[in-house]
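I have placed the structure first, in the form of structure tokens, so that the comments after it can refer back to it.
To find a chain, count down the sequence lines: A is the first, B the second, and so on, and within it residues start at 1.
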There are 2 protein chains.
Amino acid sequence: MAMKTTEKADIKYTNQRVEILAFLREHDGHPTVDEVYDGVRKKLTRISKATVYKNLKFLTEKGLLEEVNVKGVSRFEANFIPHHHLICRECGMMEDFNSEQLMDYSMKIAEEIEGFTIVSTSTNFYGLCKKCKEEM
Amino acid sequence: MAMKTTEKADIKYTNQRVEILAFLREHDGHPTVDEVYDGVRKKLTRISKATVYKNLKFLTEKGLLEEVNVKGVSRFEANFIPHHHLICRECGMMEDFNSEQLMDYSMKIAEEIEGFTIVSTSTNFYGLCKKCKEEM
DNA sequence: GTACGTGCAAATGATTTGCGTTAAG
DNA sequence: CTTAACGCAAATCATTTGCACGTAC
């Protein structure tokens, strides 16, 4: 069976990739491309933004990262425990949220869908974060 | 209380806005900006893409449209019955999917979340559409 | 009549690409 | 060694903006 794991073997772990992965594992706030770039540049001062772009795309294709999009901006994460998101409609802030119950429930519903082979599910909860609510 | 409905009153229903709304109501396949532009241009040949952009943004802010983002591209819809999405990881194709059960279940879980005021939820089911699966 | 919307062209911002150089395996 | 990755600068693509003119209310 063709598994993702076989693909992982072909990855060249360059310094740049190692630092990008390390940065994302230490920052679970779903950083944007620029935030990853700024973060990684502290360790690798000569890294280019093009390399950050290329690698975020590459690592996402290889299955080592997940890309999410809020208000038109790409954000990345390295968290592989399937989870859900709380998203603030006002400021775009995004937080992980776990509910195994909901994950199980969604996957059970997924099994009944025809003409689509479901691999994963993710629920987004949209609303207002504490900060934005107070500012209203 | 400041409701969305009070805002709706201030909308100037120009030809351009009317056609954009009509197009989206007739096309539930989550069109991109370019697709909306091409579609509306058949009726209003002189409309500019800037106007399409301005109005999609404006109408989304006014609550008449929903914006979703797949693979970095914005898509729009005018469907206000809350619903879920089936998204193909391969080609980005997106289809509506209804499950009242799942909607109820998610909202029940949402009520228990603290520090975040949840307004709506939407579950994305990721996988492969029939066409992409056959091509593998 | 007036304020807001439009179309156009130019500006911005995000992302991708081409290519000579560098480094991982 | 050899091939894939890097860094840089230029190119492309999506989206926004400024402004003179037009139109909904």
Side-chain angles (χ1 to χ4, degrees), chain A residues 5-24 30-77 92 94, chain B residues 6-24 30-77 91-92 94:
Chain A
T5 27
T6 52
E7 293 172 24
K8 284 188 190 176
D10 330 321
I11 296 175
K12 244 183 213 176
Y13 282 93
T14 61
N15 280 338
Q16 291 84 341
R17 287 181 184 165
V18 169
E19 290 301 335
I20 288 171
L21 285 169
F23 179 83
L24 282 164
H30 310 82
T32 61
V33 176
D34 280 357
E35 285 162 359
V36 174
Y37 176 58
D38 289 340
V40 172
R41 214 159 25 143
K42 284 174 190 157
K43 296 268 185 120
L44 295 174
T45 36
R46 302 187 48 74
I47 196 173
S48 72
K49 198 180 276 191
T51 297
V52 174
Y53 270 103
K54 285 171 189 165
N55 281 328
L56 287 172
K57 190 174 193 183
F58 174 86
L59 294 168
T60 302
E61 280 163 5
K62 290 295 177 183
L64 297 190
L65 297 178
E66 286 276 328
E67 182 175 359
V68 288
N69 198 295
V70 190
K71 287 166 151 291
V73 180
S74 284
R75 293 171 174 273
F76 293 85
E77 62 180 339
M94 177 176 227
Chain B
T6 52
E7 292 171 23
K8 283 189 191 175
D10 331 322
I11 296 175
K12 247 181 209 176
Y13 283 93
T14 61
N15 280 337
Q16 290 84 339
R17 289 182 182 166
V18 169
E19 289 302 334
I20 288 171
L21 286 168
F23 179 82
L24 282 164
H30 310 83
T32 60
V33 176
D34 280 357
E35 286 162 358
V36 174
Y37 176 58
D38 288 341
V40 172
R41 214 157 30 139
K42 284 173 190 158
K43 295 270 185 115
L44 295 174
T45 36
R46 302 189 47 72
I47 196 172
S48 72
K49 200 181 275 190
T51 297
V52 174
Y53 270 102
K54 285 172 190 165
N55 281 329
L56 287 172
K57 190 174 193 185
F58 174 86
L59 295 168
T60 302
E61 280 163 6
K62 290 294 176 184
L64 297 190
L65 297 178
E66 287 277 328
E67 182 175 359
V68 289
N69 198 295
V70 190
K71 287 164 153 288
V73 180
S74 284
R75 293 171 173 274
F76 293 84
E77 61 180 342
C91 67
M94 179 176 223

In whole angstroms, how far is the P atom of dT15(C) from the CZ atom of Arg75(A)? 12 Å
Rounded to whole Å, CD of Glu61(A) lies from C1' of dT16(C) at a distance of 13 Å
Rounded to whole Å, please give me the gap between NZ in Lys12(B) and P in dT6(C). 9 Å
For DNA chain C, determine which residues of residues 47-57 of chain B have any heavy atom closer than 4.0 angstrom to one of its atoms, and list them numerically. Ile47(B), Ser48(B), Ala50(B), Thr51(B), Lys54(B), Asn55(B)
Counting only N and O atoms by type, is there a donor-acceptor contact under 3.5 Å from the side chain of Glu61(B) to the main-chain atoms of Phe58(B)? no
At the 4.0 Å heavy-atom cut-off to chain B, mark where contacts on DNA chain D begin and end, going 5' to 3'. dA14(D) to dC25(D)
Rounding to a whole Å, what distance do you find between Asn15(A):CG and dG25(C):C1'? 14 Å
Look at Thr14(B) and dT6(C) and indicate whether a side-chain polar atom (N or O) is within less than 4.0 Å of OP1 or OP2. yes
Overall bend - the helix from dG1(C)-dC25(D) to dG25(C)-dC1(D), comparing terminal axes fitted on five pairs, nearest 10 degrees: 50°
Nearest-nucleotide comparison on DNA chain D, the residue closer to the 5′ end among Ser74(B) and Gln16(B): Ser74(B)
Taking ring pair (Phe, Tyr, Trp, His ring centres under 6.0 Å) as the test, write out the residues that go with Phe23(B), two or more places apart. His27(B)
Return the set of residues passing salt bridge (charged side-chain N to carboxylate O under 4.0 Å, His left out) with Lys49(A) (not counting sequence neighbours), or none when no residue passes. Asp34(A)
Under 3.5 Å, is there a donor-acceptor pair linking the side chains of Glu67(B) and Ser74(B)? yes
What are the two closest non-hydrogen atoms of His30(B) and Arg75(B), and how far apart are they? O-NH1, 2.8 Å
Is Glu19(B) reaching over with its side chain to a backbone N or O of Gln16(B), donor-acceptor style, under 3.5 angstrom? no
So if I take residues 37-46 of chain A and measure heavy-atom distances to DNA chain D, which residues fall below 4.0 Å? Arg46(A)
